Every structure is written in structure tokens, then in C-alpha cells.
Enquirer: 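The structure under discussion is supplied below as C-alpha cells; questions concerning it will follow.
A, B, ... follow the sequence lines: proteins, then strands. Residue 1 opens every chain. This structure is a prediction, so every number in the text was calculated from the model and none was measured.
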Number of protein chains: 2
Amino acid sequence: MKDVARVAGVSLGTVSNVLNQPDLVSPATRRRVVDAIAQLGFVRNESARQLRAGRSRTIGLVVLDVSNPFFTDVARGAETAAAENGSIIMLCNSGQKVEREARYLDLLEEQRVQGVLITPVGSDNARLDLLVARGTPVVLVDRGTEHPNWCSVAVDDVLGGLAAVSHLIERGHRRIAFVGGPMGLRQVSDRHVGAVKAMTDGGRDPGELMLFETTWLTLSSGRQAGERIVGLSEAERPTGVFCANDLLALGVLQALAGHGLRVPHDVAIVGYDDIDYAAAAAVPLSSVRQPRELIGRTATELLLDEMREGSSHQHRRVTFKPELAIRASSDMRRRRSSSARTARAARPAV
Amino acid sequence: MKDVARVAGVSLGTVSNVLNQPDLVSPATRRRVVDAIAQLGFVRNESARQLRAGRSRTIGLVVLDVSNPFFTDVARGAETAAAENGSIIMLCNSGQKVEREARYLDLLEEQRVQGVLITPVGSDNARLDLLVARGTPVVLVDRGTEHPNWCSVAVDDVLGGLAAVSHLIERGHRRIAFVGGPMGLRQVSDRHVGAVKAMTDGGRDPGELMLFETTWLTLSSGRQAGERIVGLSEAERPTGVFCANDLLALGVLQALAGHGLRVPHDVAIVGYDDIDYAAAAAVPLSSVRQPRELIGRTATELLLDEMREGSSHQHRRVTFKPELAIRASSDMRRRRSSSARTARAARPAV
DNA sequence: CCAAGGGATTGACACGTTTCAAACATTGAG
DNA sequence: CTCAATGTTTGAAACGTGTCAATCCCTTGG
């Protein structure tokens with residue numbers, strides 16, 4: 001900037017004004033400065049701006065798994081909303097590891113980000129509380145909270161789990177399994193709670209709900225769970241499987257197909273998230289749909305509101321309702337010989 | 001830091017030493033400083049560090065589409081390599097838009113990133129040349145280059161296209177189509193060139209290769225292309241389709257299935273990238289496999305090398321060979337009634 | 001012709017670090 | 001007791017901006 005000022009024959013302050021408040025500068029000088037900038041190929045130094053401003057123009061988004069299309073869709077929504085505000089999203093992948101999550105939070109705090117949007121790995125709030133206490137707003141993504149110190153955007157996962165398993169029960173399935181994990185993840189445990197509730201509501205013994213716990217929410221974890229299901233005798237084997245997310249469901253589907261089990265005839269499957277690949281799967285996958293981009297967008301907007309409103313901000317909790325999309329993977333009435341329909345019926349949950 | 005210094009009863013310089021060169025500080029004072037830091041909850045200001053250092057510890061990665069699992073895998077590889085070096089990856093999504101790409105490059109340059117890893121949208125090098133001229137190293141990802149000013153990591157896309165279409169020809173297909181676009185993307189045009197070459201090598205008229213150009217490399221673009229294919233009469237319809245990437249291939253597959261066409265019986269499909277969902281598709285998808293994480297890792301390492309070596313750096317071009325993974329979607333000999341095999345044969349290309 | 005007013009420009013300071021020469025303290029040798 | 005050597009600690013000077021009170025210059029009304 002000093003060079004620009006010299007070349008344009010003006011003071012440093014004027015250059016700054018041209019960049020930040022052009023209206024204050026006369027057209028003639030403005031022109032000279034702009035030319036000098038072009039001539040020298042001057043590029044603003046964002047670090048210095050941040051240092052001066054005290055805050056960066058970056059928002060941190062910490063997700064569980066960038067390879068999961070659910071999260072990239074959330075990220076896209078967040079990115080759009082941030083761009084409208086001149087902010088940018090810094091995408092961080094915790095990979096479901098507490099240490100990596102902590103490392104990224106450190107990094108983000110050191111960068112003095114405007115705020116953090118996060119789907120936390122654990123349920124330990126201490127680190128996040130610290131962040132908030134030091135002045136970095138936090139918005140919980142894809143998880144509700146009763147915590148007074150932050151906003152949250154979530155989908156009612158209990159309702160989603162309920163809808164999925166109610167659907168399986170309604171279709172006549174008796175041996176039903178839940179595939180998902182780790183249970184430490186709130187999304188997983190909530191969906192499980194919903195599944196259990198559906199059993200109760202359907203007049204079943206909730207203890208009957210079989211549980212296949214997985215370590216990750218990935219395709220390969222799903223394949224492993226699928227192998228375990230395949231390994232069971234026909235009498236033990238569940239006929240309806242609800243998976244905590246679509247990646248697991250796709251993995252299970254792959255494993256079953258690999259062993260010659262037919263979906264939905266031998267085993268029906270319902271996933272969660274309704275990622276684009278769900279409808280494109282070997283057997284189009286029934287799934288509980290979440291408004292993925294909207295979640296990201298809303299979380300970002302809550303954060304921006306919080307920043308603007310300052311101390312007068314009232315933390316808000318936004319909860320969306322999930323929708324069950326019924327496709328071929330579960331769309332067959334048990335104990336009937338009706339052929340699987342492939343209708344893409346999407347209907348409101350519950 | 002000033003506060004820490006005061007509380008610990010030392011000077012500012014000492015606090016800095018504790019943080020950066022602890023060995024220089026006596027254990028006793030070091031202890032006092034560390035305690036003060038903990039007590040005050042002091043967090044380094046990365047902006048100030050960067051300002052002082054002149055460079056950030058961030059590496060920019062600009063990809064065409066974060067929703068494409070190919071790129072998230074590349075990102076994972078890059079992230080791992082960066083972490084080993086104490087750097088972090090900032091993931092930017094150009095969404096195949098030139099303006100967004102330009103905007104992100106501006107942003108990255110303003111942040112004084114260590115370097116930029118990029119899969120460019122266009123073939124206009126001017127903006128990147130500027131970056132390099134001003135001192136920000138650039139590594140091209142997933143695209144080769146003859147340009148002297150930067151390193152590149154690529155996969156031989158001509159070879160990949162060649163392998164895919166040769167495979168279709170060898171399986172007895174006569175009407176073959178290429179689905180992909182925009183042709184402005186080097187990856188797409190190279191794969192197309194390979195496809196044309198395969199026609200020639202197979203003794204066909206390259207003019208016979210049908211072309212379905214798409215706007216994007218996405219599932220929905222694939223579905224649209226699929227609809228166009230379905231719309232053709234049986235006599236015109238290609239029996240073998242090579243798609244420029246797996247998302248397109250999955251889209252085509254979905255459209256065909258939706259209209260009752262059987263894959264591979266009526267139409268065989270080969271994709272590109274071999275993303276995880278390829279093997280999990282409705283019909284497991286034949287695909288040209290690229291070492292996705294390795295691409296990201298290698299690109300990052302090239303960049304770090306370039307930074308370390310400074311002006312003595314020799315730009316390098318790394319090229320990987322793709323491998324064709326043959327699965328059910330193309331694994332049937334034309335004009336024979338043999339049933340589709342589901343073998344997961346992966347064999348070296350060509 | 002003067003004073004007041006207003007737009008345009010300036011200059012100095014602050015932001016939070018790192019760095020490095022200089023000052024200081026301690027020790028051991030002569 | 002002095003000096004040199006070694007090990008610690010200090011203080012001040014950058015780094016590149018944004019801000020804001022102060023100054024300058026020009027116009028306008030009296």
C-alpha cells in the first residue's frame with residue numbers, strides 16, 4: 001500500500017480510503033490510485049486487515065466426514081449463505097475423531113474466526129463452552145441442544161427414526177434391526193430412540209429391536225454390518241433393517257446383494273439423509289429426508305445474526321421435520337407376493 | 001501476550017520465546033509463563049503471526065465440485081499430507097464457474113497462502129500465471145501441463161478413455177457413445193480424445209462415436225443425458241456408453257433403469273474415477289480407477305517441496321496410469337446370451 | 001474581501017506477533 | 001578480584017492495515 005501511495009502520489013490513508021470507502025475520495029485521485037494498484041499488481045494483505053479488525057471474515061464449519069454427501073450438501077448451503085454476507089466458509093473434517101476436532105477448534109480460534117458451525121463428535125461441551133466464553137459464537141449443526149449458550153439447527157431425529165421403523169412395522173416386518181453407531185453420536189442415539197419408540201407404539205417389545213452397532217457411519221462400516229446380517233440363519237435374520245444413515249444402508253445393501261439376498265424381498269432397508277446416491281442405488285433406497293442445504297444455510301444465518309445482534313442476541317433452536325421417502329428398498333408388504341413397486345412416494349413423516 | 005507477560009512477571013519477548021523456542025527459556029520462567037497462559041486462557045493470534053511471518057500456514061485447494069466424491073477423496077489425501085507438515089488445507093469449491101474460481105483465487109492470494117492446488121475450470125492460465133509471478137506457487141491437480149511455471153499431478157486421461165472404449169469395442173459394441181462435458185474441461189476432452197483413439201485403433205470410423213455433451217459433471221446432468229439416450233429409437237441407440245465421470249454414469253444408469261432398459265443387456269456403461277458409489281450402484285459400475293487420495297497427497301508434497309527448495313526448485317510433472325475396473329455394467333459380450341458376470345476384475349489399463 | 005462551511009486529504013497510532021541485538025546475571029578460571 | 005564465557009531476559013523495531021482527529025483547500029454567502 002505504501003508503494004501504491006507513492007506511485008499515485010497520495011498518502012497511505014487515501015489508498016485505504018479508496019479501498020474501503022471510495023465515496024470519500026475524489027474521482028480524479030481515486031482513478032490515480034486504482035491505476036497504481038493495477039500497475040503494481042497490489043493485493044491486499046488479509047492478515048493485516050484481520051489483525052487490525054480483530055476478527056477474520058472466515059466461518060469455520062467442522063463436519064464429521066467430508067466424504068459423506070450429506071455434509072457436503074450442508075457445506076454448500078452454508079457456503080452460499082456466507083458468500084451473500086462476504087464471509088467464507090472454512091471446511092474442516094474431524095473424521096469423527098475427538099483429537100482432530102479439538103485441533104481444528106484450536107486452529108479456528110487462533111484464526112479468530114467469526115464463528116464456528118459444528119457437528120460435534122462427542123457430547124463433551126467443555127471445549128465449545130470455552131470458545132463461546134472467549135467470544136467466538138458457536139452454532140450446533142444437525143444436533144439439537146438444551147444448552148443456553150448457543151444456537152442450533154437440527155432435524156428431529158427421534159421423529160425420523162420413529163417414521164422409518166413405523167414404516168417397517170406397518171409393512172409387516174417382525175424381526176427388525178437397527179444398524180448404526182457409534183452410539184456416542186447424538187444423531188445415532190436419537191434415531192435409535194425413535195426406532196425403539198416405534199416398536200413400543202406398534203405394540204412390540206422394544207427389546208426385540210436388534211442392534212448392530214458400527215464404529216463409523218461409512219459405506220465400509222455398512223458392508224461389515226451387512227456381512228454380520230448375512231451370517232445369521234434365516235430364522236434369526238432381520239427382515240427389516242433401519243440404518244442410521246444412507247452410507248451404512250448402501251453398504252448393507254451391497255453386502256446383502258453380494259450374498260444373493262434380495263432387497264426388499266428377503267430384507268427391506270431404510271436409510272437416513274436421502275443423499276442423492278440413495279435414489280441411484282442398486283435398489284433405490286427408502287430414506288428419511290433432511291433439508292441438507294437448508295440446514296447449512298440456516299446455521300450460517302443464525303451465526304451471522306448472533307454476530308450482528310451482539311449481546312442482545314437470543315439464542316435460537318431451529319428444528320426441521322424429516323420426511324420419509326419410500327422407495328423400492330422397503331416398498332413391499334411382507335407375507336404378500338405383491339411385486340416391489342418402484343414408486344418414489346415421498347410423504348410427510350408420521 | 002502482553003497480559004501473559006504481566007501476570008508471569010516477564011517481558012513480552014520471553015513469552016514469545018516460550019511459545020516458539022522453549023529451550024531458550026529457563027525451566028522456572030517457562031513454568032510461570034505456561035501457568036499464566038493457562039490461567040488467562042490465552043490463544044495465539046494467527047493473523048498477527050502471519051502478518052509478521054509474511055505467509056500463512058494454509059494451502060488452498062480449489063476443486064470443481066465438492067459434492068463429487070472424487071474431489072473429497074483428493075482433499076482427504078491433501079489434508080493428510082498437509083497435516084504432516086503443520087499446514088492446513090482450505091477447501092474451495094469453484095462449482096465449475098470461472099467467476100467463483102477467480103474469486104477464490106483472489107481470496108487465497110489475499111490470505112497469502114503457502115500455495116494453491118487447483119483443478120482449473122478453464123484453460124486460461126493468465127490468472128494463475130499472475131499468482132506464480134507474485135510468488136504463490138501453484139500445482140495443477142488432475143490435469144497435466146506443458147507450462148513451465150508449475151508442477152502438476154495428473155492421470156493419463158487419454159489412456160483412460162482409450163481403455164474404457166477399447167473395452168466396449170472388445171465386448172462387441174458397435175454403436176458407442178461418449179457422455180461428458182463441458183469439452184472445455186481438459187479432463188473431459190482428454191478422455192474424449194482417448195475414446196476417439198480407441199475407435200481408430202479398433203478399426204472403426206471415429207466419426208461413429210456418438211457425442212452427448214453435458215453442461216456439468218453431475219448426477220442430474222447424467223440423468224438428462226440418459227433421457228436423451230432413452231429417447232432414441234432402438235436402431236439409433238448406442239449399446240455402449242462411456243461417461244466422462246462416475247456421477248454422469250450413475251445418472252445415465254438411473255435414467256435407463258427408470259425407462260426399463262437393462263444394463264448391460266440393452267446398454268453397457270463405463271464410468272470414470274471409480275468412486276466408492278460406483279461399485280454400490282444399481283448395477284455395479286465399470287469404471288476407470290484413479291488413485292484419488294494419492295493425487296491429493298502428491299500434489300501437496302510437490303507444493304511443499306517447491307516451497308522448501310525455493311528458487312532452485314525444478315518443476316515436476318507426475319502422471320499416474322489409470323486402471324480399468326470391469327464390473328457388471330459392461331461385463332457382457334454383445335450378441336451372446338451369456339449372463340452378466342459380476343466379477344470385480346481390475347486389470348491394468350491397455 | 002472575509003468568514004464559515006464542507007469536501008478531500010493527511011499523518012500518526014494501534015492491532016499482536018516475531019526477531020534480534022543488546023543488556024543483564026551467573027559461573028568458573030586465572 | 002577480574003574477566004571472559006555462557007545462559008537468560010529484555011526492548012524496540014518491524015509486518016500492512018484501518019481509523020480518526022486534524023489539516024488543507026475550495027466554494028459560497030454576506
Side-chain angles (χ1 to χ4, degrees), chain A residues 1-37 40-58 86-87 106-114 134-136, chain B residues 1-37 40-58 86-87 106-114 134-136:
Chain A
M1 254 172 73
K2 219 185 299 176
D3 296 339
V4 173
R6 187 158 23 76
V7 169
V10 298
S11 82
L12 232 156
T14 302
V15 177
S16 175
N17 281 337
V18 170
L19 291 171
N20 302 307
Q21 312 183 24
D23 310 333
L24 290 186
V25 182
S26 77
T29 14
R30 198 190 310 161
R31 185 64 200 279
R32 289 215 312 284
V33 172
V34 170
D35 288 350
I37 288 177
L40 296 175
F42 164 75
V43 175
R44 273 151 110 116
N45 185 320
E46 182 65 22
S47 313
R49 302 188 71 194
Q50 284 181 24
L51 174 56
R52 180 61 231 239
R55 276 241 164 267
S56 79
R57 298 183 303 139
T58 307
S87 301
D106 288 347
L107 239 43
L108 292 173
E109 198 171 7
E110 286 177 2
Q111 305 218 9
R112 302 291 190 272
V113 290
Q114 295 185 308
R134 292 190 196 125
T136 305
Chain B
M1 254 172 73
K2 219 186 298 177
D3 295 340
V4 173
R6 186 159 24 79
V7 170
V10 298
S11 81
L12 231 159
T14 302
V15 177
S16 175
N17 281 336
V18 169
L19 291 171
N20 301 308
Q21 311 181 25
D23 310 333
L24 290 186
V25 181
S26 76
T29 16
R30 196 189 314 162
R31 184 64 201 278
R32 286 216 312 284
V33 172
V34 170
D35 287 350
I37 287 177
L40 295 175
F42 164 76
V43 175
R44 275 151 110 118
N45 185 323
E46 182 66 22
S47 312
R49 301 188 71 194
Q50 285 181 22
L51 174 57
R52 180 60 228 234
R55 277 241 164 265
S56 79
R57 297 184 302 140
T58 305
S87 301
D106 288 346
L107 240 42
L108 292 173
E109 198 172 6
E110 285 177 1
Q111 304 220 9
R112 302 291 190 273
V113 290
Q114 295 184 308
R134 292 191 196 125
T136 304

Enquirer: Mind checking side chain to side chain donor-acceptor pair (under 3.5 Å) for B:Arg6 and listing every partner two or more places apart, or none if nothing turns up?
Expert: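 Expected list: B:Asp3.
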Enquirer: To the nearest 0.5 Å, what is the distance between OG (B:Ser11) and CG (B:Asn17)?
Expert: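 If we round to the nearest 0.5 Å, B:Ser11:OG and B:Asn17:CG are 8.0 Å apart.
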Enquirer: If an axis is fit to five pairs at each end of the helix from C:dC1-D:dG30 to C:dG30-D:dC1, what is the angle between the two, to the nearest 10°?
Expert: 60°
Enquirer: Hey, could you give me each pair passing salt bridge (Lys or Arg N to Asp or Glu O under 4.0 Å) that has a residue in residues 7-29 of chain A? Not counting sequence neighbours.
Expert: none
Enquirer: Heavy atoms only: give me the nearest B:Ser56-B:Val113 pair and the separation to one decimal.
Expert: OG-CA, 3.4 Å
Enquirer: I'd like to check the side-chain contact (heavy atoms from CB on, under 4.5 Å) partners of B:Glu46; sequence neighbours left out, ordered by chain and number.
Expert: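 Applying side-chain contact (heavy atoms from CB on, under 4.5 Å) to B:Glu46 gives A:Glu110, A:Gln111, B:Arg49, B:Gln50, B:Arg57.
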Enquirer: Measure across B:Met1 and B:Leu19 and return the closest heavy-atom pair with its distance rounded to 0.1 Å.
Expert: SD-CD1, 4.4 Å
Enquirer: Mind checking which nucleotides bracket the chain B contacts on DNA chain D, 5' to 3', with an atom under 4.0 Å from a heavy atom?
Expert: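 It runs D:dT8 to D:dG16.
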Enquirer: What pairs with B:Ser26 under side-chain contact (heavy atoms from CB on, under 4.5 Å), at least two apart in sequence or on another chain?
Expert: B:Ala28, B:Thr29
Enquirer: So, for A:Ala5 and A:Leu12, which heavy atoms are closest and what is the spacing to 0.1 Å?
Expert: CB-N, 3.9 Å
Enquirer: Run the side-chain contact (heavy atoms from CB on, under 4.5 Å) test against B:Arg55 and tell me which residues pass, sequence neighbours left out.
Expert: B:Arg112, B:Thr136
Enquirer: Restricting to non-hydrogen atoms, name the atom on A:Leu40 and the atom on A:Val7 that form the minimum distance, rounded to 0.1 Å.
Expert: CD1-CG2, 3.8 Å
Enquirer: Can you name the side-chain contact (heavy atoms from CB on, under 4.5 Å) partners of B:Asp35, sequence neighbours left out?
Expert: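 For B:Asp35 the side-chain contact (heavy atoms from CB on, under 4.5 Å) partners, ignoring immediate neighbours, are B:Arg31.
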Enquirer: For nucleotides 24-26 of chain C, tabulate all protein N/O to nucleotide N/O atom pairs closer than 3.5 Å, reporting atom names and distance.
Expert:
none

Enquirer: Taking only nitrogen or oxygen atoms into account, show me every contact under 3.5 Å that the protein makes with nucleotides 17-20 of chain C, one pair per line with its distance.
Expert:
unit_1, atom_1, unit_2, atom_2, d
C:dT17, OP1, B:Asn45, N, 3.2
C:dT17, OP2, B:Met1, N, 3.4
C:dT18, OP1, B:Asn20, OD1, 3.4
C:dT18, OP1, B:Asn20, ND2, 3.3
C:dT18, OP1, B:Arg49, NE, 3.0
C:dT18, OP2, B:Ser16, OG, 3.1
C:dT18, OP2, B:Asn20, ND2, 3.0
C:dT18, O2, B:Arg52, NH1, 2.2

Enquirer: One pair to check against side chain to side chain contact (heavy atoms under 4.5 Å, CB included): A:Asp106 and B:Val43. What are the steps and the verdict?
Expert: CA-CA 8 Å; A:Asp106 288 347; B:Val43 175; over 6 Å; no
Enquirer: Can you name the closest pair of heavy atoms from A:Val15 and A:Val10 and give their distance?
Expert: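 Closest heavy-atom pair between A:Val15 and A:Val10: CG2-CG2, 3.9 Å.
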Enquirer: Please list, chain by chain and in numerical order, all residues satisfying side chain to side chain donor-acceptor pair (under 3.5 Å) with B:Gln114, sequence neighbours excluded.
Expert: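 Side chain to side chain donor-acceptor pair (under 3.5 Å) list for B:Gln114, sorted by chain: B:Ser87.
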Enquirer: Rounded to the nearest 0.5 Å, what's the gap from CZ on A:Phe42 to NZ on A:Lys2? Could you check?
Expert: 12.0 Å
Enquirer: Can you list, in residue-number order, the parts of residues 26-37 of chain B that come under 4.0 Å of DNA chain C, counting heavy atoms only?
Expert: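 Heavy-atom cutoff 4.0 Å gives no residues at all.
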